[in-house]
Amino acid sequence: MTAQEEEEDSKAKKAKSKDKKVPEADKRKKPKKEEEQKWKWWEEERYPEGIKWKFLEHKGPVFAPPYEPLPENVKFYYDGKVMKLSTKAEEVATFFAKMLDHEYTTKEIFRKNFFKDWRKEMTSEEKSTITNLSKCDFTHMSQYFKAQSEARKQMSKEEKQKIKEENERLLKEYGYCVMDNHKERIANFKIEPPGLFRGRGNHPKMGMLKRRIMPEDIIINCSKDSKIPPPPPGHKWKEVRHDNKVTWLVSWTENIQGSIKYIMLNPSSRIKGEKDWQKYETARRLKKCVDKIRNQYREDWKSKEMKVRQRAVALYFIDKLALRAGNEKEEGETADTVGCCSLRVEHIKLHPELDGQEYVVEFDFLGKDSIRYYNKVPVEKRVFKNLQLFMENKQPEDDLFDRLNTSILNKHLQDLMEGLTAKVFRTYNASITLQQQLKELTNPDDNIPAKILSYNRANRAVAILCNHQRAPPKTFEKSMMNLQSKIDAKKEQLADARRELKSAKADAKVRRDEKSKKTVESKKKAVQRIEEQLMKLEVQATDREENKQIALGTSKLNYLDPRISVAWCKKWGIPIEKIYNKTQREKFAWAIDMAEEDYEF
DNA sequence: TACATAACTTAGTACCGGTGAA
DNA sequence: TTCACCGGTACTAAGTTATGTA
């Protein structure tokens with residue numbers, strides 16, 4: 001930890017922390033119920049760099065349920081004829097059958113990959129018979145699964161309750177671990193079941209068989225002196241290790257990309273929370289030197305060295321547009337997506353003049369998860385001229401920044417500020433934008449729903465900056481119409497209420513008695529109530545419309561310093577529950593506890 | 001410096017179950 | 001009581017970064 005972070009930490013902890021010691025390995029007492037709920041890890045001393053825990057005990061993973069062969073009457077047809085498949089081939093066939101309604105199964109690559117992997121699971125006889133996927137008829141299987149899921153929906157309350165209880169039992173037994181002296185929730189204790197790989201976007205591996213993970217694939221990580229989880233009967237773990245320099249409990253290697261998957265702790269855990277807090281502290285340190293860094297890269301636009309110029313322009317994009325770093329990717333292994341450093345010439349267009357603005361850069365590329373980034377941005381003349389230079393004599397498919405990669409960029413950033421990497425800019429710009437927008441948009445005279453709309457709008461500004469998109473919900477138009485008709489009905493109701501109020505007033509003028517006066521009062525209240533309800537609905541409609549294609553969740557969860565939101569809630573008397581749901585409150589417990597209304601990012 | 005790998009964060013979507021209106 | 005809707009959550013893919021190795 002740096003001196004600055006240290007300072008921030010002690011500030012945050014205030015006088016609360018009383019010389020608490022790092023828990024010792026040999027103390028293995030079970031945490032008390034109350035203690036585990038109230039434990040404020042943020043008031044404790046941090047572990048030395050690199051050490052993640054001293055004691056770790058868990059029950060190991062939960063494996064996917066074994067395959068249950070189809071009933072005899074569910075048939076698979078090949079070339080119009082019934083064919084009984086071997087168990088292994090049948091299992092893989094069911095994966096395809098379950099996806100039959102999905103457009104994936106119509107895609108050439110998906111079908112090709114699936115068929116290739118499916119054939120590997122077939123017996124030699126099956127292999128020689130089944131040679132053409134188009135001759136395979138999975139519809140009966142598909143219907144069977146639909147019926148099954150329908151039946152599940154139709155289950156009685158008792159049956160549903162039973163399943164729920166079973167899930168709870170599983171969670172209770174496998175969903176927690178003991179890390180040091182505390183019981184902590186595990187994020188993903190279930191092993192991913194086998195199935196067909198569904199990549200996002202135009203993924204070259206879509207449709208490949210994701211194989212079943214066995215205990216023999218599993219590496220267990222826990223304390224030497226903990227109760228080591230036993231493998232399922234008749235099986236062995238691949239390895240049991242005791243590495244307290246890492247945070248994971250279980251890992252295995254997945255067969256599609258050959259990458260390692262992990263079981264780790266929940267965001268509410270100390271180990272994740274601490275890291276999250278640290279991330280925002282790094283972003284706050286950037287705030288202190290961002291002006292200097294900006295001046296520096298503007299200077300570098302003029303550098304004699306091509307590499308330096310490219311670095312400076314890339315950094316400008318990362319800072320101004322919140323682009324991701326953009327690592328190189330192995331061709332043919334993943335969908336063709338890019339970030340800043342991996343931008344190609346074909347991803348930008350230069351307009352010396354566009355719609356009355358000078359030096360406009362038009363971006364159009366697929367970013368993470370194959371989400372399209374499309375933006376027209378006026379840039380400074382120097383940037384524009386540099387881009388022209390970088391593009392000279394290049395083909396569309398050539399790298400825009402051919403002298404640059406993320407490693408070079410991050411090394412440079414490290415020299416500018418300790419702990420600075422490309423992604424810190426996203427965190428910094430997201431958080432600072434939220435803070436500014438909240439200041440700008442919050443109207444002190446607004447009621448709570450209107451203030452929350454302002455919050456959401458501030459949140460939305462960040463989501464737009466970070467290009468967090470979502471597919472418009474399937475039912476969007478309909479639900480919008482429903483809401484509109486609710487608003488219309490409410491308006492009518494209001495008109496009625498107003499009319500009634502008017503006549504009550506007239507009545508009271510004539511009668512001049514207590515009773516009619518009271519009637520006027522109650523009618524007035526009714527009008528007010530309906531006005532409020534209408535306003536709430538209208539706010540809701542605005543909010544929803546503006547949110548059609550924008551996802552707020554990602555920025556809220558990963559980019560916005562939660563202390564900004566907590567402080568805003570405190571300042572304006574907004575209950576924190578209106579901003580954060582239960583899970584989010586658990587994740588941000590540290591921020592909710594420590595941020596006061598005057599917190600500044 | 002190139003490259004591979006491990007570890008960890010960030011991401012969108014499918015699905016489930018509770019809730020409130022009809 | 002039924003059903004649509006919506007928020008919350010589970011799931012797991014897809015990024016970034018650090019680090020070791022040649």
Side-chain angles (χ1 to χ4, degrees), chain A residues 50 52 64 99 102 149 152-153 157 160-161 163-164 167 171 175 187-193 195 197-201 203 205-206 210 219 221 243 245-248 251 253-254 256-267 271-272 275-276 278-279 318 323-330 333-335 337-342 366-371 405-411 413-414 419-427 430 463 466-471 473-476 478-480 482-483 486 489 540 544 549-559 580-584:
Chain A
K52 303 298 169 65
M99 296 176 76
H102 205 287
S149 85
R152 225 171 302 128
K153 275 184 211 148
K157 241 186 205 154
K160 281 185 181 168
Q161 184 60 26
I163 292 175
K164 201 176 160 192
N167 283 335
L171 175 67
N188 56 324
F189 57 91
K190 288 181 187 157
I191 299 281
E192 297 172 17
F197 175 76
R198 311 148 82 117
R200 298 193 226 264
H203 198 117
K205 298 195 172 184
M206 61 169 82
K210 203 168 99 168
I219 303 175
N221 191 33
D243 183 357
K245 308 271 193 299
V246 296
T247 67
W248 54 268
S251 76
T253 301
E254 150 272 352
I256 304 289
Q257 326 266 358
S259 65
I260 307 173
K261 299 252 180 168
Y262 303 92
I263 290 183
M264 290 181 184
L265 297 193
N266 199 69
I271 214 159
K272 293 290 182 190
K275 199 78 189 293
D276 206 39
Q278 213 179 87
K279 172 181 80 186
I318 284 171
L323 300 190
R324 296 187 184 82
N327 288 299
E328 304 108 293
K329 307 164 74 183
E330 216 175 320
E333 292 294 300
T334 60
T337 62
V338 297
C340 186
C341 294
S342 51
L366 297 182
K368 181 177 179 180
D369 294 313
S370 294
I371 297 291
N405 60 39
T406 54
S407 161
I408 296 171
L409 179 66
N410 278 334
K411 243 170 229 139
L413 293 176
Q414 192 60 236
L420 186 61
T421 62
K423 83 188 186 83
V424 178
F425 281 88
R426 254 166 99 81
T427 312
C466 295
N467 200 38
H468 290 141
Q469 296 190 35
R470 62 166 184 173
K474 287 192 185 77
T475 54
F476 185 83
K478 213 172 100 196
S479 91
M480 216 52 212
N482 283 346
L483 193 55
K486 262 192 200 169
Q540 202 186 344
R544 196 180 295 177
Q549 300 195 69
I550 297 165
L552 300 187
T554 304
S555 50
K556 206 178 199 175
L557 233 47
N558 300 301
Y559 289 102
Y580 290 139
N581 67 30
K582 186 164 161 282
T583 317
Q584 294 164 338

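Letters go in sequence order (proteins before strands), and every chain restarts at 1. Worth knowing before you read on, the calculation uses all heavy atoms, side chains too, and leaves out hydrogens, waters and symmetry mates.
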Nearest-Å distance for atom pair CZ/C1', residues A:Arg426 and C:dT16: 11 Å
Rounded interatomic separation in angstrom, taking NZ from A:Lys261 and C1' from C:dT12: 5 Å
Closer to the 5' end of DNA chain B via nearest nucleotide, is it A:Ser251 or A:His102? A:Ser251
Of the non-hydrogen atoms in A:Trp248 and A:Asn221, which two are nearest, and what is the gap between them? O-ND2, 3.1 Å
Rounded to the nearest Å, what distance is computed from the CZ atom of residue A:Arg324 to the C1' atom of nucleotide B:dT9? 11 Å
For C:dA14, take OP1 and OP2 only and decide whether either is under 4.0 Å from a side-chain N or O of A:Gln257. yes
Give a yes/no answer on whether the side chain of A:Thr554 brings an N or O atom under 4.0 Å of OP1 or OP2 in B:dG12. yes
Can you measure A:Tyr262 atom OH to B:dT5 atom P for me and round it to whole angstrom units? 12 Å
Among C:dA13, B:dA6, B:dA11, which is the nearest nucleotide to the side chain of A:Ile260? B:dA6
For the side chain of A:Lys329, starting at C-beta, report the closest nucleotide among B:dA7, C:dA14, C:dG15. C:dG15
Contact class for A:Pro267 (heavy atom, under 4.0 Å): base, sugar-phosphate, or nothing? nothing
Distance-only, no hydrogens or angles: does the A:Asn405 side chain make a donor-acceptor pair with backbone N or O of A:Ser407 under 3.5 Å? yes
Looking just at side-chain N and O atoms, do A:Lys272 and A:Thr247 make a donor-acceptor pair shorter than 3.5 Å? no
Answer whether the closest heavy-atom distance between the side chains of A:Lys368 and A:Thr337 falls below 4.5 Å. no
Nearest-0.5 Å distance, CZ of residue A:Arg324 to NZ of residue A:Lys423: 11.5 Å
Could you tell me the separation between the CD1 atom of A:Ile550 and the P atom of B:dA11, rounded to a whole number of Å? 15 Å
Whole-Å distance separating the CG atom of A:Asp369 from the P atom of B:dA14: 12 Å
Starting at the 5' end of DNA chain B and moving along, which residue's nearest nucleotide shows up first, A:Lys52 or A:Arg200? A:Lys52
Is the side chain of A:Glu254 donor-acceptor paired with the backbone N or O of A:Ser259 at a distance under 3.5 Å, no angle test? yes
When you get a sec, tell me which of B:dA11, C:dG8, C:dT12 is the closest nucleotide to the side chain of A:Asn581? C:dG8
How long is the gap from CZ on A:Arg426 to CG on A:Asn558, to the nearest 0.5 Å? 9.5 Å
Among A:Ile408, A:Thr406, A:Asn327, A:Leu323, which residue satisfies the side chain to side chain contact (heavy atoms under 4.5 Å, CB included) criterion with A:Cys341? A:Thr406
Looking at every strand, decide which applies to A:Lys582 at a 4.0 Å heavy-atom threshold: base, sugar-phosphate, or nothing. nothing
Does A:Gly326 reach a base, just sugar-phosphate, or nothing at all? Heavy atoms under 4.0 Å. sugar-phosphate
At under 4.0 Å, does any side-chain N or O of A:His203 touch on OP1 or OP2 of C:dA13? no
State the NE2-CD distance between A:His468 and A:Gln549, to the nearest 0.5 angstrom. 15.0 Å
Provide a list of protein-nucleic acid N or O atom pairs under 3.5 angstrom, restricted to nucleotides 17-22 of chain C.
residue, atom, partner, partner atom, Å
C:dT17, OP1, A:Thr421, OG1, 2.8
C:dT17, OP1, A:Ala422, N, 3.2
C:dT17, OP1, A:Lys423, N, 2.7
C:dT17, OP2, A:Asn410, ND2, 2.9

A:Gln278 CD to C:dT16 P, in whole Å, measures 20 Å
For nucleotides 15-22 of chain B, give me every protein contact, N/O to N/O, under 3.5 Å, one pair per line with atom names.
residue, atom, partner, partner atom, Å
B:dG18, OP1, A:Lys164, NZ, 3.2

Please state how far atom CG in A:Asn188 lies from atom P in B:dT10, giving the value in whole angstrom units. 16 Å
For residues A:Phe425 and A:Leu413, determine if any side-chain heavy atom of one lies less than 4.5 Å from a side-chain heavy atom of the other. yes
